Amino acid sequence: MSDTSVLTRAEAIERHQLLDVRSARLDLDLTRGPEVFGSTTVIRFGCATPGAGTFVDVKPAALHRVVLNGRDLDVSALAAGRFPLTGLAAENELTVEADMAYSHTGEGMHRFTDPADGEVYLYTQSFLDDGPRVFASFDQPDLKAEFTVAVTAPPQWTVVANSLGSQVAPGRWEFAPTARISSYLVSVVAGPLHSVRAEHDGIPLGLHCRRSLARELDAEAAELLEVTRQGFDHYHRIFRRRYPFDSYDQCFVPEFNAGAMENPGCVTLRDEFVFRSAVADTEREERAIVVVHEMAHMWFGDLVTMKWWDDLWLNESFAEFMAYTVTAESTRFGGAWTGFATKRKGWGYDADQRPSTHPVAPGAVDDTAQALQNFDGISYAKGAAALRQLVAWLGEEQFLAGVNDYFDRHAFGNATLDDLLAALAAAGGRDVHGWADRWLRTTGVDTLRLADGRVEHTSADGVLRPHLLSVGHYRRTAAGALEPAGRESLELAADGGGAELAGAELTLLNDTDLGYVKIRLDADSWATVRGSLGAIPEELARAVLWDSARDQVRDGELAPGAYLELVAAHLPGETSVHLVDGVLTFARDFVVDCAVPPADRPAALALLAEVSRALLRRTEGAPDDSGLRLVAARAVIATAGSEAQAAELGDWLAAGSVPGGPVLDPDLRWQLLLRLCVLGAAGEPAIAAELAADPSDTSEEGAARCRAALPDPAAKEAAWQALFHGELSNYLATATAKGLWQPEQAELLDDLTLRYFEDLAPAAARRGPALARVLTQSAFPVFAATERTVRAAEACLADPELTAATRRGLVDRLDTLRRAVRARELASPAGAGTAGE
Ligand SMILES: [Zn+2]
């Protein structure tokens with residue numbers, strides 16, 4: 001927010017040298033109405049230099065009282081979220097009493113009224129520097145404390161916090177002191193919750209959600225608890241230390257910005273994970289990955305915490321790497337690494353080729369605002385891929401030995417990258433520091449290009465990384481299929497020497513996707529791929545090839561039409577739901593909506609519609625275990641373009657089912673209605689009727705999306721006002737933004753495209769970082785891929801007053817926009833029109 005300071009690294013270092021926080025008591029009163037809650041904090045702390053001064057972080061709606069060592073201080077001294085403290089004693093007690101404002105952006109104490117039944121739910125998001133919107137603290141990762149939480153709430157509510165607690169009197173909840181944790185990890189969830197309780201290996205487990213999702217949580221509890229148990233068993237097998245906290249609650253909360261947050265003992269997760277509608281198995285897999293990702297943080301992040309935010313990769317890359325490993329090895333989702341290849345890794349590759357890229361482990365992050373921008377594809381996806389390389393290079397046993405030593409040495413404290421490298425080096429005996437300099441301190445993706453049997457190893461900026469990966473060879477059978485003809489391991493030094501390989505009809509670099517690298521095939525292999533991609537037996541190898549085609553399109557090396565030819569030839573027969581979902585998403589979102597010239601778009605969309613229909617025909621009559629048919633049905637809906645197709649969707653909606661299944665559940669109904677609204681085949685009466693039939697938050701978001709998507713100037717203006725000048729919650733803003741821009745309505749949206757760049761900065765500054773992300777991501781008109789839009793975005797970026805979140809969002813979307821413009825230039829006049837012949 002613009003009215004508060006950001007903490008700088010220098011300030012954090014100084015405050016860490018001065019203070020030793022012993023404990024903090026939080027007392028929250030959640031019975032003061034819909035605007036504010038009461039917050040009293042008592043912090044006990046030592047000071048290394050008696051007489052010195054510092055400040056406590058607090059961002060209240062109204063500050064009532066500050067008492068330091070019995071002295072009442074003048075509350076008007078509060079400025080920009082900091083309260084100055086002077087004349088500290090060797091041992092101090094500080095009391096801060098305030099009213100805090102509820103939030104509707106998922107930052108601080110979020111308040112949500114469930115449209116299904118009018119019940120109110122609250123949860124905190126203290127991360128990254130939003131804790132002081134809930135309680136006063138010395139808010140930096142390396143000032144850990146024992147937190148003791150008490151909450152006054154309406155008597156019929158349940159309150160969950162980091163540690164075990166109970167209702168000691170009607171509406172009064174008290175919790176045991178936590179172990180020493182960082183302030184950004186303090187968590188409270190409250191409301192008339194529905195709870196499922198269990199136990200595993202001596203650890204009390206809880207699942208919680210709002211009451212209107214009770215039936216759905218009961219239906220999902222078995223799988224959620226199974227994954228949780230498998231996660232604990234796996235971590236207890238590989239880590240010497242047991243789970244370090246007293247209980248493990250997973251709270252599914254509404255309008256959550258991230259996937260989940262690793263608060264010790266009180267994880268918060270977005271409550272879309274309590275599925276209200278049918279989902280593909282890939283979505284269940286993604287949920288399992290999030291569950292075990294947060295569990296990994298209990299050790300890596302919560303038990304041992306980064307000293308400062310420049311090492312946030314220590315948290316995220318590690319949790320991400322462990323999550324895919326645990327999911328693939330210990331749950332029923334054995335294909336998790338394919339999900340990493342098709343969904344997650346692209347996030348890292350894309351981020352790493354933008355102007356905003358940064359090293360996995362940046363040398364210095366100067367302040368918290370900058371730190372917040374690093375929660376991106378680099379810190380998660382690239383970091384996890386880099387760790388996967390490290391583990392392969394070092395050996396799993398040595399890696400875990402080092403990690404366990406690191407936990408022992410820094411338990412309940414803080415550590416840095418150097419501490420981890422020292423532990424790994426001691427355990428492994430290889431030059432971990434040299435490896436880290438190459439992989440963690442540099443930016444960019446290497447490219448491996450095969451030509452005449454030679455692997456050429458390059459990168460955009462000339463800095464190379466060492467690689468350890470596999471190479472698959474394939475030969476054609478008499479029947480025309482491809483069969484594996486051997487696999488070899490390839491270790492490339494960072495000296496650019498490359499390597500020699502034996503020839504084959506298809507030689508696929510990185511065929512098991514162990515590497516983090518762009519690959520380019522030789523001409524013969526690429527010709528084989530064009531004809532036979534779908535005939536390659538291994539799912540992961542096909543994923544690597546689709547990834548390569550994807551980044552060739554993004555790099556302007558493969559025409560959008562040529563990509564669509566691959567889709568038309570090889571997707572209708574594809575059996576992997578990972579691949580079908582990933583390819584259709586990219587084909588629709590980037591290729592058809594942005595990269596294909598407008599004149600060719602109808603034909604390109606029709607091609608995708610036909611591919612989707614072919615998948616739907618192929619999956620008719622068989623049990624849909626993986627959700628492939630569901631994914632196909634969603635794609636048929638999203639690609640409908642002709643009048644006949646719109647009429648067919650109307651019939652499905654009336655019948656309540658896609659012929660042959662699936663039955664239309666809330667998500668599918670709203671997707672269908674959205675498409676009808678975009679095409680002008682449905683309007684406000686249908687939206688209102690749908691909302692009345694199921695007055696849930698899903699429906700409110702569906703209605704906001706549909707209303708913004710109507711091809712009508714008044715509807716666009718209403719959406720615009722709500723988005724840029726209103727007070728929409730984070731989720732309703734996202735829904736409105738997603739409805740607003742529709743490539744079919746380019747003419748109607750032309751003026752708004754330029755107006756976007758005028759209204760963005762003030763709206764983003766007014767509403768803070770979470771909404772800035774919505775406004776620069778979901779609300780950015782990337783479909784308008786022209787030089788004019790590029791220039792408008794560049795002009796907007798020249799404004800020196802942009803907030804950090806706005807600037808970062810704009811830089812990233814401008815990169816996608818430029819790539820779309822380049823791809824359009826590459827599209828041959830016949831391009832998409834001839835694809836699929
Ligand atoms: Zn995480």
Side-chain angles (χ1 to χ4, degrees), residues 106-107 123-131 141 162 181-187 227-228 231-232 234-235 239 243-245 248-253 256-270 272-273 285-327 336 339-340 343-345 347-348 351 358 360-362 365 368 371-388 403 406-407 414-415 417 420 440 769-770 773:
E107 299 155 304
Y123 63 87
T124 57
Q125 172 73 341
S126 301
F127 177 87
L128 176 155
D129 58 353
D130 284 327
N162 298 95
I181 61 174
S182 303
S183 49
Y184 78 90
L185 294 169
V186 171
S187 178
V227 170
T228 305
F232 272 125
H234 191 117
Y235 292 125
F239 297 153
Y243 172 64
F245 304 102
Y248 197 71
D249 286 289
Q250 296 174 84
C251 304
F252 295 87
V253 297
F256 197 71
N257 284 323
M261 177 66 206
E262 67 266 25
N263 314 299
C266 186
V267 172
T268 38
L269 304 96
R270 54 170 54 215
E272 288 103 313
F273 285 137
E285 177 185 290
E286 280 164 29
R287 181 176 72 180
I289 288 165
V290 171
V291 166
V292 297
H293 172 117
E294 304 314 319
M295 296 176 79
H297 276 310
M298 297 301 130
W299 285 263
F300 220 108
D302 295 358
L303 173 68
V304 181
T305 309
M306 79 228 130
K307 182 158 178 57
W308 176 246
W309 300 106
D310 45 8
D311 275 331
L312 80 87
W313 83 279
L314 282 182
N315 283 8
E316 296 312 338
S317 307
F318 186 88
E320 186 90 344
F321 167 74
M322 287 311 317
Y324 280 92
T325 304
V326 171
T327 304
F340 188 65
K343 273 261 169 81
R344 202 67 166 174
K345 238 175 149 185
W347 186 32
H358 55 86
V360 172
V365 172
T368 51
L372 192 58
Q373 308 318 317
N374 284 352
F375 280 75
D376 59 10
I378 303 290
S379 298
Y380 287 77
K382 181 183 179 181
L387 275 186
R388 204 176 175 204
V403 166
Y406 170 85
F407 290 155
N414 297 81
L417 169 59
L420 179 67
L440 305 178
R773 268 194 301 282

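Please read all numbers here as calculations on a predicted model, not as lab measurements. Note that ligands are numbered from 1 as they come in the structure, with each ligand's atoms numbered from 1 the same way.
Protein N/O/S atoms closer than 2.8 Å to the Zn ion (ligand 1), listed by chain and residue number, are H293 NE2, H297 NE2, E316 OE1.
Closest heavy-atom contact between L185 and G301: CD1-O, 4.1 Å.
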(request) Test M298 against F232 for side chain to side chain contact (heavy atoms under 4.5 Å, CB included), laying out the working first. (result) CA-CA 11 Å; M298 297 301 130; F232 272 125; 5.9 Å; no

(request) Could you check Y235 against M295 for side chain to side chain contact (heavy atoms under 4.5 Å, CB included), going step by step and ending with a plain yes or no? (result) CA-CA 9 Å; Y235 292 125; M295 296 176 79; 3.6 Å; yes

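Interatomic distance, T325 OG1 to I289 CD1, rounded to the nearest 0.5 Å: 10.5 Å. Distance check: Q250 CD to F273 CZ gives 11.0 Å after rounding to the nearest 0.5 Å.
In this structure, the salt bridge (Lys or Arg N to Asp or Glu O under 4.0 Å) partners of D130, at least two apart in sequence or on a different chain, are R133.
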